[in-house]
Amino acid sequence: MPLGGNEIVILRSSDEIERLRASNIIVAEILNELKGNVKTGVSTIDLERICEEEVRKRKVIPAFKGYRGYPYCICTSVNEQVVHGMPSKRVLKGGDIVSIDLGILHNGYYGDSAVTVPVGRVSEEVNRLIDVAEKALYLGINEARVGSRLSDIGAAIQGYVEANGFSVVRDFVGHGIGQSLHEAPQVPNFGVRGKGVRLKAGMVLAIEPMINMGRCEVVILGDGWTAVTKDGSLSAHFEHSIAITNNEPYILSRL
Ligand code: MF3
Ligand code: CO
């Protein structure tokens with residue numbers, strides 16, 4: 001979601017968190033199925049078709065389709081595409097990387113998660129980009145604890161990514177998630193510690209770092225959706241929806 005103002009952060013009951021868990025398990029299952037279909041020769045629209053079938057079987061609502069006019073269930077962002085890539089006839093080939101992002105609505109609650117997967121074999125440096133992006137997500141999640149501040153999440157992500165020689169995208173951020181796909185607060189993947197709202201049990205956040213191999217700037221293509229790196233470097237994206245609890249962060253979108 002784009003950057004904007006901040007509002008009250010809704011605290012969810014444990015009953016609501018279990019509903020969010022149910023929605024996010026469905027997202028995780030479908031993403032797993034899609035991941036298993038990523039290989040040379042498969043097009044991104046093939047992945048969309050598989051996803052359509054999976055949401056139909058489960059009788060859930062794809063959350064992105066129709067959101068601000070977005071026409072597909074998933075976003076498929078290949079190579080230098082950062083986020084919001086649209087499924088197309090583009091055929092994946094060995095050495096590519098593809099981020100698959102899926103949101104669904106089920107029983108009134110949303111799930112949202114994304115993964116980046118290599119197509120066939122990729123170079124060591126590209127594998128490192130994917131690994132750093134995923135590890136950065138988990139380091140961010142690890143900050144999502146009662147008493148911490150919102151910016152501790154982004155600070156942990158940025159610190160790790162930059163220490164590894166990559167950059168964090170600034171133009172898109174994570175978000176609260178619940179009975180809407182995007183709720184307050186915005187969750188930047190960068191910043192300094194000790195700023196923003198104090199984290200409380202019951203807050204539910206979608207944390208979604210986007211990491212570029214080169215510079216952090218992005219450009220939106222003429223289709224109005226696809227964000228690409230300005231310098232053409234590769235980009236990786238991981239997202240989990242998580243709940244803050246009195247114990248460990250609860251990763252709702254992990255199987
Ligand atoms: N995970 C992304 C987000 O929360 C995907 C949104 S795609 C859109 O912003 F089509 F719904 F915009
Ligand atoms: Co999201």
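Whatever order the structure lists them in is the order used to number ligands and atoms, beginning at 1.
Counted within 6.0 Å of CZ on R58, heavy atoms from surrounding residues, nucleotides or ligands total more than 12; the atom is thus considered enclosed. Heavy atoms from other residues, nucleotides or ligands lying under 6.0 Å from NZ of K65 number more than 12.
Within the 4.5 Å cutoff, no side-chain heavy atoms of T116 are placed close to those of I211.
Exactly one of V27, V115, D101 qualifies for a side chain to side chain contact (heavy atoms under 4.5 Å, CB included) with E239. That residue is D101. For the ring pair (Phe, Tyr, Trp, His ring centres under 6.0 Å) criterion with H182, the lone passing option out of Y67, Y110, F64 is Y67.
Distances below 4.0 Å separate heavy atoms of D112 from the following atoms of ligand 1: 1 (N), 4 (O).
Considering only non-hydrogen atoms, atom 4 (O) of ligand 1 lies nearest to H182 out of M86, R68, H182. The residue from E239, H84, E208 that puts a heavy atom closest to atom 6 (C) of ligand 1 is H84. If you check each of Y110, W225, Y70 against atom 12 (F) of ligand 1, the one with the closest non-hydrogen atom is W225. With V173, I177, D101 as candidates, the residue nearest to atom 1 (N) of ligand 1 on a non-hydrogen basis is D101.
Per residue E208, closest N, O or S atom to the Co ion (ligand 2): atom name OE2. Summary: OE2 is the N/O/S atom of E239 found nearest to the Co ion (ligand 2).
At a 4.0 Å cut-off, at least one heavy atom of C75 sits close enough to ligand 1 to count as contact.
At a 3.5 angstrom cut-off on N or O pairs, H237 does not count as close to ligand 1. Polar contact check, H175 against ligand 1: a nitrogen or oxygen pair lies under 3.5 Å apart.
By the 4.0 Å N-to-carboxylate-O rule, K57 lies too far from E33 to be salt-bridged with it. Under the 4.0 Å criterion applied to side-chain N and carboxylate O atoms, E52 and R49 are assigned as salt-bridge partners. Using a cutoff of 4.0 Å between basic side-chain nitrogens and carboxylate oxygens, E53 and R56 are scored as salt-bridged.
The Co ion (ligand 2) has an N, O or S atom of D112 under 2.8 Å away, backbone or side chain. Put simply, H182 stays out of reach of the Co ion (ligand 2), with no N, O or S atom under 2.8 Å from it.
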